[in-house]
Protein chains: 2
Amino acid sequence: MVTIKDIAREADVSPSTVSRVLSNKKDFFNPATAAKVRKIAKKLGYRKNTLAANLVKKKNNIIVVVISSVETNFSDQIIKGIQSEAQGIGYDIMYMYTHTTNEEEHKHILETLISRQISGILFVSVILEKENITLLDAAKIPYIFVSIKPDNEHMVIGSDDQEIGYLATKYLINLGHKIIGLAGVDAYPYAGFSRIKGYQRALDEFGIEANEKYIFYGDYSYNSGSQAIKYYHENFSSLTGIVAASDSCATGILNYAYDHKIKIPEEYSIITIDGTNLCNITRPRLTSVTQNFRKMGSLGVRKLIKLMEGKVNTKNKSIFVPVKIDVRSSTARLTR
Amino acid sequence: MVTIKDIAREADVSPSTVSRVLSNKKDFFNPATAAKVRKIAKKLGYRKNTLAANLVKKKNNIIVVVISSVETNFSDQIIKGIQSEAQGIGYDIMYMYTHTTNEEEHKHILETLISRQISGILFVSVILEKENITLLDAAKIPYIFVSIKPDNEHMVIGSDDQEIGYLATKYLINLGHKIIGLAGVDAYPYAGFSRIKGYQRALDEFGIEANEKYIFYGDYSYNSGSQAIKYYHENFSSLTGIVAASDSCATGILNYAYDHKIKIPEEYSIITIDGTNLCNITRPRLTSVTQNFRKMGSLGVRKLIKLMEGKVNTKNKSIFVPVKIDVRSSTARLTR
DNA sequence: CTGAAAGCGCTAACAA
DNA sequence: TTGTTAGCGCTTTCAG
């Protein structure tokens, strides 16, 4: 393995000079020497040992994105956002997969990141446990949460979930729907809970009485969706609108409907939350409250870098990326 | 930052002893000292600086998976396979995203991996250019291709594409179809080309004349699918079977059919290649030649580790993971 | 602009 | 079982 010393010997300069040239410390070397050094480096097939450099600099120019399993069909968009921001920022971006919640696994990951002097961490759809947060804070590695947050102390770059629930519900109300289900959300803080609040706020605003029985709890999954519409269909003939907790959930609804010859949007108007590509692939296409996942990713990287440079403090308030409604074909004005 | 020296001082032993204890070199320390050292390490909140350790060991216990953009809806399964194999192998697994082909970007990634002394690399759906292979070989980092390979010299852990084309086509033939389209494949080596060969071999075997006009070239995408069925529908009334190049492609076919009131499987039998979850989500559900992506991932890790341990040579033949046919509802016996 | 010297934090012979 | 010594490959004062 070729080292800086080998080059120094061959170029008849000191290792320090080689180091300066190779790490491009401008104004600290003479162009002629530089040229010579670079030529020899190339000739010898020199590869810098970044490990050694990092050891002395006490930092590793890597940002690690810790991301929860690929289940969620929006993580690809967040990744795209991150990647789009990755050019020329002076850091390499690497990813590690984990489960959304799994204290031991998270701990292991954090320990390897800490011991490798990672520069910064982006948690995407990962809920970090209290102990692990303590661990991370002690190590003084800057980090940011994207999409979901572990508690109310930390900021997150995500969507305003209450707003999402509110907008979705209001959209259906404005189409004339009065009995509206909310399908597949969970009751835990923070996403599910907030969406429920938004849903209730919208009903309230239009003088419609919210009724707990129209909320079908679940886990945002395809199956939650199928089960929800089954529940609605078998129990409430007057229910005509459904807010689906996620695109997968909405797809479950759509397919149950298809399989049971229930017409969408004639019998039920469905509005989904997320607005991933799935919405264009289903038939009918799904009307959605669309989150800007790409933006979350790019913003996450930008904020993290600011944090690493000490230009911003963690205690900052959460950043909400605007959502929008994309009208497609799964919703219709109520005619009955 | 607490170092091994601090612990040594406090424990009144030498740094080497601390090192031995902390890196668990059994039989090289006495349990009593070990206990003392560990206690102090804990008390001081010691975190090992892996960078320093790696510098002297000249290796970084990280396997990096270089994976092409998240577009492909099967990469999540490969990742799951990789992750399932990741426990207790003594390496951490990190991922980097890149485009399938992009020489400059690949070069940059390789350089950072080499300079960081990464232990091994898994390329998933990435085509490495000749120059970059040279670069990598010079650095002597073991690597393996999963899903696709860059040339014929290198092994790949993937599916037998010719077999896939053959099985898919034969399945339709056995249902009575005679005029069969192949939709959305590309003509490049190696996947597309091999699938075409398999397709032709099946036709041949049953005495059906292969005709180039029934192959609709594309890029495995949703759009390729829509365009393909449009092409078939407008030009060949006798064509009744379609082999779709991918699940996305098949979904494009299905949706075009739906939008144009073409009945599947009554008017066309569709068999798709991949067999991802998408096949269960579409209506009708897609019959598929299913690849075992999960297995590719786990096998990839296993093989790579063997390679890193010098137990196997790269020049090994490709490993084909068996495929199977999953019959769902997009295919039917030809009755006309 | 360049060199000498020191050291980042750890491990690995070698001796004891 | 433990300590001593040297050094991984690089960067960085400090002098010159």
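Throughout, protein chains are lettered first and strands after them, A, B, ... in sequence-line order, and every chain is numbered starting at 1. The basis for the numbers below is simple: all heavy atoms, side chains too, and nothing from hydrogens, waters or symmetry mates.
For B:I4 and C:dC8, the CD1 to P distance is 13 Å, given to the nearest whole Å. Rounding to whole angstrom units, CG of residue B:L55 and C1' of C:dG7 are separated by 12 Å. Separating the CZ atom of B:R47 from the C1' atom of C:dG9 is a distance of 16 Å, rounded to the nearest angstrom. One atom, CG of A:D12, and another, C1' of C:dG3, lie 12 Å apart when rounded to the nearest Å. As a whole-Å value, the separation of A:K5 NZ from C:dA5 P is 13 Å. If you measure from atom CG of A:L51 to atom P of C:dT11, you get 13 Å, rounded to the nearest angstrom. The interatomic distance linking B:M1 (CE) with C:dC10 (C1') rounds to 12 Å, in whole Å. Residue B:D6 contributes atom CG, which lies 11 Å from atom P of C:dC8 at whole-angstrom precision.
Residues A:N49 and B:S14 both approach DNA chain D. Their nearest nucleotides, taken by heavy-atom distance, put B:S14 toward the 5′ side. For the pair B:P15 and B:K57, both in contact range of DNA chain D, the more 5′-proximal nearest nucleotide belongs to B:P15.
An end-to-end axis angle of 30° holds for the helix from C:dC1-D:dG16 to C:dA16-D:dT1, taken from five base pairs per end and rounded to 10°.
On the nucleic acid side, DNA chain D has its first and last nucleotide under 4.0 Å of a heavy atom of chain B at D:dT1 to D:dG9, going 5' to 3'.
Judged purely by distance below 3.5 Å, without hydrogens or angles, the side chains of A:K57 and A:N60 never pair a donor atom with an acceptor atom.
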What N/O pairs connect the protein and nucleotides 13-16 of chain C at under 3.5 Å? Give each pair on its own line.
none

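For the atom pair B:F28 CZ and B:S19 OG, the distance stands at 12.0 Å (nearest 0.5 Å). Between B:E10 atom CD and B:L44 atom CG the span is 5.5 Å, to the nearest 0.5 Å.
Contacts of A:T3 with the nucleic acid, taken as non-hydrogen atoms under 4.0 Å apart, involve only primed sugar atoms and P, OP1 or OP2. Heavy atoms of A:F29 sit under 4.0 angstrom from primed sugar atoms or phosphate atoms, though from no base atom. Among the atoms of the strands shown, only primed sugar atoms or phosphate atoms (P, OP1, OP2) are found under 4.0 Å from some heavy atom of B:T33. Across all strands shown, A:D27 has heavy atoms under 4.0 Å from sugar-phosphate atoms exclusively, and none from any base.
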Applying side-chain contact (heavy atoms from CB on, under 4.5 Å) to B:M296 and B:N292, what does each step give before you reach the verdict? CA-CA 7 Å; B:M296 290 181 205; B:N292 196 340; 5.8 Å; no
Any chance you could lay out the side-chain contact (heavy atoms from CB on, under 4.5 Å) test for B:D137 and B:Y143, step after step, and finish with the verdict? CA-CA 9 Å; B:D137 286 339; B:Y143 59 96; 2.8 Å; yes
With side-chain hydrogen bond (donor to acceptor under 3.5 Å, both in side chains) as the criterion, how do B:Y97 and B:E105 come out once you've worked through the C-alpha distance, each side chain's angles and the decisive distance to 0.1 Å? CA-CA 10 Å; B:Y97 284 96; B:E105 196 180 271; over 6 Å; no
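The pair A:R116-B:D92 meets the salt-bridge criterion, since a charged nitrogen lies less than 4.0 angstrom from a carboxylate oxygen. Between A:E131 and A:K107 no salt bridge is recorded (no basic side-chain N to carboxylate O distance below 4.0 Å).
Of the candidates B:I133, B:I118, B:I141, B:I121, B:L110 forms a side-chain contact (heavy atoms from CB on, under 4.5 Å) with just one, namely B:I121.
The heavy-atom pair separating B:L136 from B:L128 by the smallest distance is CD2-CD2, 4.0 Å.
Panel note: side chain A:N132, backbone A:E129; no donor-acceptor pair is recorded below 3.5 Å. Side chain of A:E85 to backbone of A:R302: no donor-acceptor contact under 3.5 angstrom is found.
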